[in-house]
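Here's the structure we're looking at; comments come further down.
Labels below follow one simple rule: chain letters A, B, ... track the order of the sequence lines, proteins then strands, and each chain is numbered from 1.
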Protein chains: 2
Amino acid sequence: MIRLAIAEDHQSLIDGIKLLLEYEDNISIIGTANDGKELLEIVDKKQPNVVLTDIRMPKMDGIQATKQIKKKYPKINILAFTMFEQVEAIEQMIDAGASGYILKNSSLKEVHKAILTVAKGETYFDANINTNVLNSKSKNKTKGILTKRQIEILELIGQGKTSREIADLLFIGIHTVDTHRKNMVRILGLKGKGELMRYALEKKYKF
Amino acid sequence: MIRLAIAEDHQSLIDGIKLLLEYEDNISIIGTANDGKELLEIVDKKQPNVVLTDIRMPKMDGIQATKQIKKKYPKINILAFTMFEQVEAIEQMIDAGASGYILKNSSLKEVHKAILTVAKGETYFDANINTNVLNSKSKNKTKGILTKRQIEILELIGQGKTSREIADLLFIGIHTVDTHRKNMVRILGLKGKGELMRYALEKKYKF
DNA sequence: ATGAATATACCTAGTAATGGGTATTTTTTT
DNA sequence: AAAAAAATACCCATTACTAGGTATATTCAT
């Protein structure tokens, strides 16, 4: 299930997209915004997993918003929504961490397909625009997300240790352990210690 | 580390065993009792993983005590400690769930070895007594411990679900889920939801 | 059909975890 | 040297879990 947030300064366009997408049963539009700041609020509150955002917007543009979102929630996939062939802005979006871009005058089918593609963690580059984005630093690939310390704590969580025990083992405060745990839950897009532990144990079997 | 509880009606014998075993650094004597009822209390309170018990004792004999302990804590391994060649009583002990037996007049080395053996989950039958225990129903092998419902709940715990979520999924009360969880933690000899979850996930990878 | 085992449900008090923050120090990168 | 990232620590209110119980229906085997 895709939880989609949309940011676009022309409300009429948002209404149009909502109309077009609300009959797709695998996409749920969980919030819309008319500028970048609003988008950040929605992301914090509604926890989307995909964001479709305009680049040029009031208060905060899509590039800044993308940077902020990817910094705090690296797992959220962002699709740039652009009216004109603003090659430079598009490249900045990709550098900021967007997973792709699509023209506003694309068909519903194409928009839908683009959303599905980035939702899977893949990239989607609209074929009607010529950019050298493919040669760009495609670094934001959501890998090696966790820090050494976080991995260390994750492993102990995977051993069934409580926060208190981990704190004692690593000679740090329990608050610190809690903070790391919280950060990991957020970064990995999970729902609490239960899933975090599951994640920890699954990783072990994969490496 | 072996947490040993001893039950024996002759206090002088208990003192002797304590003297003999207290210098073994892998065995910790966590409690002693002079009859079967006392033994049950100690097991509840101190959570031993190995019990060395006389067969003939006041108030409750070793056979009854063994049955009760194995019913509540199947993971605890019980070693019968017998003075004479009471073949029939020994066979009853084995049927009750004991992992083996040893004569009281054995050397420290032998007693120590017997304790280490049953602690590993193996059986130990004193070679100086002739019984046909080996042909007896050696059923109490601590396998298939959990009931269907418990396994069902364990799997959901392994998926990172909370008790509340499990209760809703199975259309039962949260109290019931808690009770099942408690029972599993006790039966499997674990230390809480963390280890229970670990257990659940490890089982999955084994079958 | 009677008894044992299982599954169900509730109680209480205490501890742990969660999900919002904020803030400081240390380390790393630019 | 300044900026960014990582690690550290704390607060608060709410929810979840723990560890003791008890108790009552089912279900299953003898």
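With ring centers used as reference points, Tyr101(B) lies 6.0 Å or more from Phe81(B).
Residue Arg149(A) has a polar side-chain atom (N or O) positioned under 4.0 Å from OP1 or OP2 of dT8(D).
A straight line from CD of Glu195(B) to C1' of dC17(D) spans 14 Å, rounded to a whole angstrom. Atom NE2 in His175(A) sits roughly 5 Å away from atom C1' in dC10(D) (whole-Å rounding). Atom CG in Asp178(A) sits about 17 Å away from atom P in dA13(D), given to the nearest Å. Going from atom CZ of Arg181(B) over to atom C1' of dA19(D) covers 10 Å, rounded to whole Å. When rounded to the nearest whole Å, the span between NZ of Lys45(B) and P of dA19(D) equals 17 Å. With rounding to whole Å, Leu196(B) atom CG is found 11 Å from dC17(D) atom P.
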message = Walk me through whether Leu156(B) and Leu170(B) qualify under side-chain contact (heavy atoms from CB on, under 4.5 Å).
response = CA-CA 10 Å; Leu156(B) 291 169; Leu170(B) 300 180; 4.1 Å; yes
key: Pair Thr123(B)-Phe125(B), side-chain contact (heavy atoms from CB on, under 4.5 Å): steps then yes or no   = CA-CA 7 Å; Thr123(B) 53; Phe125(B) 302 121; 3.7 Å; yes
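Each of Lys104(B), Arg56(B), Lys18(B) was evaluated against Glu8(B); a single residue qualifies, Lys104(B), per the salt bridge (Lys or Arg N to Asp or Glu O under 4.0 Å) test.
With hydrogens and angles disregarded, no donor-acceptor distance shorter than 3.5 Å links the side chain of Lys59(B) to the backbone of Lys37(B).
Asn34(B) and Gln11(B) share a donor-acceptor pair across their side chains, judged by distance under 3.5 Å alone.
Here the side chains of Leu4(B) and Ile6(B) are in contact, with some heavy-atom distance below 4.5 Å.
Here the nucleotide nearest the side chain of Thr176(A), chosen from dA16(D), dA9(D), dT18(D), is dA9(D).
For the atom pair CD1 (Ile90(A)) and CD1 (Ile63(A)), the distance works out to 10.0 Å, reported to the nearest 0.5 Å. Here the straight-line distance linking atom NE2 of His180(B) with atom OG1 of Thr147(B) works out to 6.5 Å at 0.5 Å rounding. Summarising the geometry, atom NZ belonging to Lys67(A) is positioned 14.0 Å from atom NZ belonging to Lys70(A); distances are rounded to the nearest 0.5 Å.
Taking every nucleotide of DNA chain C with any atom under 4.0 Å from a non-hydrogen atom of chain A, the first and last of them, 5' to 3', are dA17(C) to dG21(C).
Using a 4.0 Å heavy-atom cutoff across all strands shown, Arg186(A) reaches no nucleic acid atom at all. The residue Lys71(B) sits close only to the backbone: its heavy atoms come under 4.0 Å of sugar-phosphate atoms, none of a base.
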So which protein N/O to nucleotides 20-24 of chain D N/O distances come out below 3.5 Å?
from: dG20(D); atom 1: O6; to: Lys182(B); atom 2: NZ; distance (Å): 2.4
from: dG21(D); atom 1: O6; to: Lys182(B); atom 2: NZ; distance (Å): 3.3

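Less than 4.0 Å separates DNA chain C from at least one heavy atom of each of the following residues of residues 164-174 of chain B: Ile172(B), Gly173(B).
A salt bridge links Arg149(B) with Glu152(B): the closest approach of a Lys/Arg side-chain nitrogen to an acidic carboxylate oxygen falls below 4.0 angstrom.
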